[in-house]
Amino acid sequence: TAPIAGPSLGAVVADGDSVRYYVNGAQTRVLGCVGHVANTGDLWFGNSGGPPNCAGFRGEIDEVRIWNVTRTGEEIANFYRCPVDPQSTGLVGYWTFDEAVGDQHIYDLSPLGNHGILGNSLNVEAADPTRVVATDQCLPSSANKALHVDGNQHGRAPHHVSLEFPSPPVGTIELWAKQDAASLDQHVLGKRPGPPCGPVNFYQFVTRLDSSIPGGWGAGDCSVGSGQ
């Protein structure tokens, strides 16, 4: 099966009345959405609740950003391939995965400093993603890294109240991903209170094989307190 059509940066923007979806800087879908995200679960990179609860992502992940403000379409288009200023107003989580190979930490560059880890602990283990040279930056270099996960690997950052969304939801989630091979319903990112893989009051990014969506993945369904 051919890989999804190249690297993609997806974004979900909630403004209290609707949720807008973007892929590679272009808006792809608008849905009405109500509810909120208020749970104490960790934020997962490469999954959205931890295996075996959800199908893990297989590919590269980079530039995960969570905002407590509504980003404009212009802002998303201007920065979908480039880093943002870690001191940007409203930025409450920013993980670039640029740590040195062998470092078990995942540092949050936002003012909150909500640092995470590879896998389940600071020990090297099979659940740890691999750091690879990123291909998503506007100025690629060996210093720009991404996490590669194989479907069973993940990183995680601890719960912080700033990662929750109010009701009605207002905020923005952005991330870059490149799937190894096209597959439906691989969970790239998520924050949920725990198993099973579908409670309310959560958010997640999930791959969608939809030829109508530029980049081949992105917008899925929106239900109470959730975005895909």
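None of these values were measured; they are calculated from a predicted model.
Checked by atom type and distance alone, the side chain of S162 never pairs as donor or acceptor with a backbone atom of V92 at under 3.5 Å. A donor-acceptor pair under 3.5 Å is absent between the side-chain atoms of D98 and the main chain of N144, judged by distance alone. Counting only distance, with no hydrogens or angles, the side chain of Q104 and the backbone of N123 share a donor-acceptor pair below 3.5 Å. Although no hydrogens or angles enter the test, the distance criterion places a donor-acceptor pair under 3.5 Å between the side chain of E125 and the main chain of N120. In this structure, D108 contributes its side chain and Y94 its backbone to a donor-acceptor pair below 3.5 Å. Here the side chain of N78 pairs no donor or acceptor atom with the backbone of E75 at under 3.5 angstrom.
Taken together through direct or relayed side-chain contacts under 4.5 Å among Ile, Leu, Val, Met, Phe, Trp and Tyr, L112 and L163 form part of one hydrophobic cluster. Connection of F79 to Y22 is not established within any shared hydrophobic cluster, with ILVMFWY side chains joined at heavy-atom distances below 4.5 Å, either directly or through further cluster members. V69 and L91 fall within a single hydrophobic cluster, where Ile, Leu, Val, Met, Phe, Trp and Tyr side chains are chained together by heavy-atom contacts under 4.5 Å.
In this structure the side chain of I66 reaches within 4.5 angstrom of the side chain of W95, judged on heavy atoms. A 4.5 Å side-chain heavy-atom check between L147 and L118 finds at least one atom pair inside the cut-off. Taking the side chain as every heavy atom from C-beta outward, L189 and I61 never approach each other to under 4.5 Å.
The salt bridge (charged side-chain N to carboxylate O under 4.0 Å, His left out) check on E99 picks up R131, with sequence neighbours excluded.
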Practice task
Kindly indicate, with the supporting measurements, whether the criterion side-chain hydrogen bond (donor to acceptor under 3.5 Å, both in side chains) is fulfilled by N47 and R156.
Solution key: CA-CA 9 Å; N47 207 291; R156 59 202 294 181; over 6 Å; no
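Side-chain N/O atoms of N114 and H159 include no donor and acceptor closer than 3.5 Å.
Considering CD of E174 and CH2 of W67, their distance stands at 6.5 Å, rounded to 0.5 Å. Note that CG of D150 and OG1 of T130 are 7.5 Å apart. Values are rounded to the nearest 0.5 Å. Within the model, atoms OH of Y21 and CD1 of I173 stand 9.5 Å from one another, a figure rounded to the nearest 0.5 Å. Remark: D62 CG to F45 CZ distance equals 11.0 Å, nearest 0.5 Å. With values rounded to the nearest 0.5 angstrom, I76 atom CD1 is found 8.5 Å from Q27 atom CD. The distance from the CZ atom of F57 to the NE2 atom of H148 is 8.0 Å, given to the nearest 0.5 Å.
Looking at every heavy atom in both residues, P83 comes nearest to E63 through CA-OE1, 3.7 Å. Scanning both residues, A77 and G25, for their nearest heavy atoms gives CB-O, 3.7 Å. Scanning both residues, K191 and L43, for their nearest heavy atoms gives CB-CD1, 4.0 Å. Taking every heavy atom of both residues into account, P129 and G119 meet most closely at CD-N, 3.9 Å.
Note: W44 and H154 have tilted aromatic rings, judged against thresholds of 30 and 60 degrees for the angle between ring planes.
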